[in-house]
Amino acid sequence: MNENHLSIKIKWHDPAAEPMRVNEKAGVTYLTFPALDALKGFRHGFTTRLGGVSRGCCSTMNLSFTRGDEEAAVWENYDRLCAAMDISRENLVTSHQTHTTNVRGVTEQDRGCGITRPRPYENVDGMVTNVPGLVLITYYADCVPLYFIDPEHRAIGLSHSGWRGTASRMGEVTVKTMEREFGTDPARLYAAIGPSICQDCYEVSEDVIQEFRKSFSRLQQPALYYRKPNGKYQLNLWEANRIILTQSGVPESHISMPNLCTCCNPDFLFSHRASGGKRGNLAALLTILK
Ligand SMILES: [Zn+2]
């Protein structure tokens, strides 16, 4: 345990529920889900602000080249993160997130895309693969990361699901893609909903709620949001994604919940809401070990 960790008090959403595992290696702090750690032959993580070299609003572990940070600092952050997670930078495959439900079947040809060479694709919010060694990486600062592991077919998926993605049922699109591409049986799939904004922190307006009324049943609506006297709503993206995953056939017992809000922990995690948009990016990573 290093001084980084000691100086920050993590606020778990439900102190009685299981927390994510806090890993510290080579000076870098990253989070994992105990249920996914237990699946042999895969590695995953969710980064925190701790362990990098960026300064100011990007301090310290910013993984985005497009948020005004110094490029050299971001490269150094990637090197430190990869060393801590024992992965190779050349094996990363990056998303190009634009709030779509486009899921790319990632192959050997995509190795290094967005890192060692330009991406030949755009508008990719989700990726699936069964190629060992490729490391899928997606980016966050309040939006919802969705992790999928199919131990039976040794296949994985990683998707970005903000409010638009959630209203468009990104989780379901990803599960269906894995069924089609790899023969995944949702009943044997493991999923995790990553650190992201909690309902208490997530005020939205009527136009956002309209989209959720369209994509969820009337019975499900009360679990997703409530209306406040000011005419705004508090929206629960965690529960919305949990419902989508169970409806897609993933057993409830196979779904890990985040129990950790980006906006409630602005010193530990980047939050778009908490920072007023002045922030770096966190990352979710997932790989099949060789
Ligand atoms: Zn919160």
Side-chain angles (χ1 to χ4, degrees), residues 1-5 7-8 10-12 19-34 36-37 42-71 73-89 91-95 97 114-115 125 127 134-147 156 158-162 192-197 256 258-275 278-287:
M1 196 173 280
N2 65 22
E3 58 189 13
N4 272 342
H5 185 205
S7 63
I8 287 184
I10 302 172
K11 188 183 166 202
W12 300 104
M20 289 183 75
R21 187 170 284 149
V22 181
N23 306 273
E24 301 200 29
K25 280 185 196 147
V28 174
T29 301
Y30 67 96
L31 303 160
T32 55
F33 290 96
L36 299 192
D37 278 336
F42 304 90
R43 183 171 298 146
H44 77 289
F46 190 80
T47 65
T48 69
R49 294 184 68 168
L50 309 183
V53 298
S54 296
R55 291 178 293 183
C57 66
C58 287
S59 71
T60 57
M61 183 55 88
N62 164 49
L63 295 162
S64 171
F65 290 104
T66 59
R67 301 214 56 92
D69 198 358
E70 286 173 42
E71 195 177 320
V74 181
W75 283 122
E76 175 66 20
N77 292 343
Y78 271 97
D79 283 344
R80 290 182 177 209
L81 172 64
C82 290
M85 288 188 67
D86 193 21
I87 55 182
S88 186
R89 198 169 86 177
N91 292 339
L92 293 170
V93 183
T94 65
S95 53
Q97 295 167 205
I115 299 289
D125 282 83
M127 296 178 284
L134 296 181
V135 184
L136 308 182
I137 180 166
T138 52
Y139 302 93
Y140 303 89
D142 289 343
C143 285
V144 182
L146 299 175
Y147 296 77
I156 55 174
L158 187 63
S159 290
H160 161 248
S161 186
I193 298 170
S196 41
I197 196 163
S256 296
N259 195 16
L260 185 62
C261 168
T262 42
C263 194
C264 288
N265 291 278
D267 296 327
F268 185 53
L269 303 169
F270 290 121
S271 166
H272 190 81
R273 281 279 169 118
S275 65
K278 294 185 177 63
R279 46 78 183 179
N281 264 350
L282 305 164
L285 299 95
L286 179 58
T287 185

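On a predicted model such as this, the values are computed, not experimentally measured, just so you know.
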request  = I would like to know whether Thr94 and Phe65 meet side-chain contact (heavy atoms from CB on, under 4.5 Å); could you show each step before the answer?
outcome  = CA-CA 12 Å; Thr94 65; Phe65 290 104; over 6 Å; no
inquiry  = Quick check: closest heavy atoms across Ser275 and Arg279, and the distance to 0.1 Å?
reply    = OG-CG, 3.2 Å
Trace of the side-chain contact (heavy atoms from CB on, under 4.5 Å) decision for Leu63 with Leu282 = CA-CA 6 Å; Leu63 295 162; Leu282 305 164; over 6 Å; no
query = How long is the span from the OG1 atom in Thr32 to the CZ atom in Arg43, to the nearest 0.5 Å?
reply = 11.0 Å
task = Identify the residue among Leu158, Leu136, Thr47 that makes a side-chain contact (heavy atoms from CB on, under 4.5 Å) with Leu285.
result = Thr47
query = At their closest point, which heavy atom of Val22 faces which heavy atom of Leu31, and how far apart are they?
reply = CG2-CD2, 3.8 Å
query = So, the side chain of Asn77 versus the backbone of Gly52: is there a donor-acceptor pair under 3.5 Å, distance only?
reply = no
ask   = How far does OH of Tyr30 sit from NZ of Lys25, to the nearest 0.5 angstrom?
value = 3.5 Å
inquiry  = Quiz question: by atom type and distance under 3.5 Å, do the side chains of Thr138 and Tyr140 form a donor-acceptor pair?
reply    = yes
query = Who are the side chain to side chain contact (heavy atoms under 4.5 Å, CB included) partners of Lys278, not counting sequence neighbours?
reply = Cys57
query = Would you call Asn281 and Asn62 a side-chain contact if the rule is heavy atoms closer than 4.5 Å?
reply = yes
Side-chain heavy-atom pair His160, Ser95 within 4.5 angstrom cut-off = no
ask   = Where do Arg273 and Asp142 come nearest, in terms of heavy atoms and distance?
value = N-OD2, 2.7 Å
task = Keeping the roles fixed (side chain from Thr287, backbone from Leu134), state whether a donor-acceptor pair exists under 3.5 Å.
result = yes
note = Smallest heavy-atom separation, Leu260 atom then Lys11 atom, equals CD1-O, 3.8 Å
task = For Asn91, check side chain to side chain contact (heavy atoms under 4.5 Å, CB included) against everything at least two apart and list the hits.
result = Ser88, Arg111, Val135
ask   = Which distance, rounded to the nearest 0.5 Å, do you find between the CD1 of Ile8 and the CZ of Phe268?
value = 7.0 Å
task = Could you pull out the closest heavy-atom pair between Leu146 and Ser161, with the gap in Å?
result = CD1-CB, 3.8 Å
remark   = Checking Phe33, Phe42, Phe46 against Tyr147 for ring-ring contact (aromatic ring centres under 6.0 Å, His included), the one that qualifies is Phe33
ask   = For Asp37, which residues count as a salt bridge (Lys or Arg N to Asp or Glu O under 4.0 Å) partner, sequence neighbours excluded?
value = Arg21
Verdict with supporting geometry, Ile137 and Tyr78, side-chain contact (heavy atoms from CB on, under 4.5 Å) = CA-CA 11 Å; Ile137 180 166; Tyr78 271 97; 4.0 Å; yes
request  = Mind listing the closest non-hydrogen atom pair of Cys264 and Pro266 along with its distance?
outcome  = C-CD, 3.3 Å
message = With salt bridge (charged side-chain N to carboxylate O under 4.0 Å, His left out) as the rule and sequence neighbours excluded, what pairs involving residues 53-71 come up?
response = Arg55-Glu70
message = Test your reading of the model: is there a side-chain donor-acceptor pair from Thr29 to the backbone of Thr48, 3.5 Å cut-off?
response = no
query = Is it true that a side-chain atom of Ser196 and a backbone atom of Gly194 form a donor plus acceptor pair closer than 3.5 Å?
reply = yes
ask   = Under the side chain to side chain contact (heavy atoms under 4.5 Å, CB included) test, which residues partner Cys82, sequence neighbours left out?
value = Ile87, Arg89, Leu92
task = Check side chain to side chain contact (heavy atoms under 4.5 Å, CB included) between Ser59 and all other residues, then give those that pass, not counting sequence neighbours.
result = Arg49
key: Worked verdict on Val28 versus Leu50 for side-chain contact (heavy atoms from CB on, under 4.5 Å)   = CA-CA 6 Å; Val28 174; Leu50 309 183; over 6 Å; no
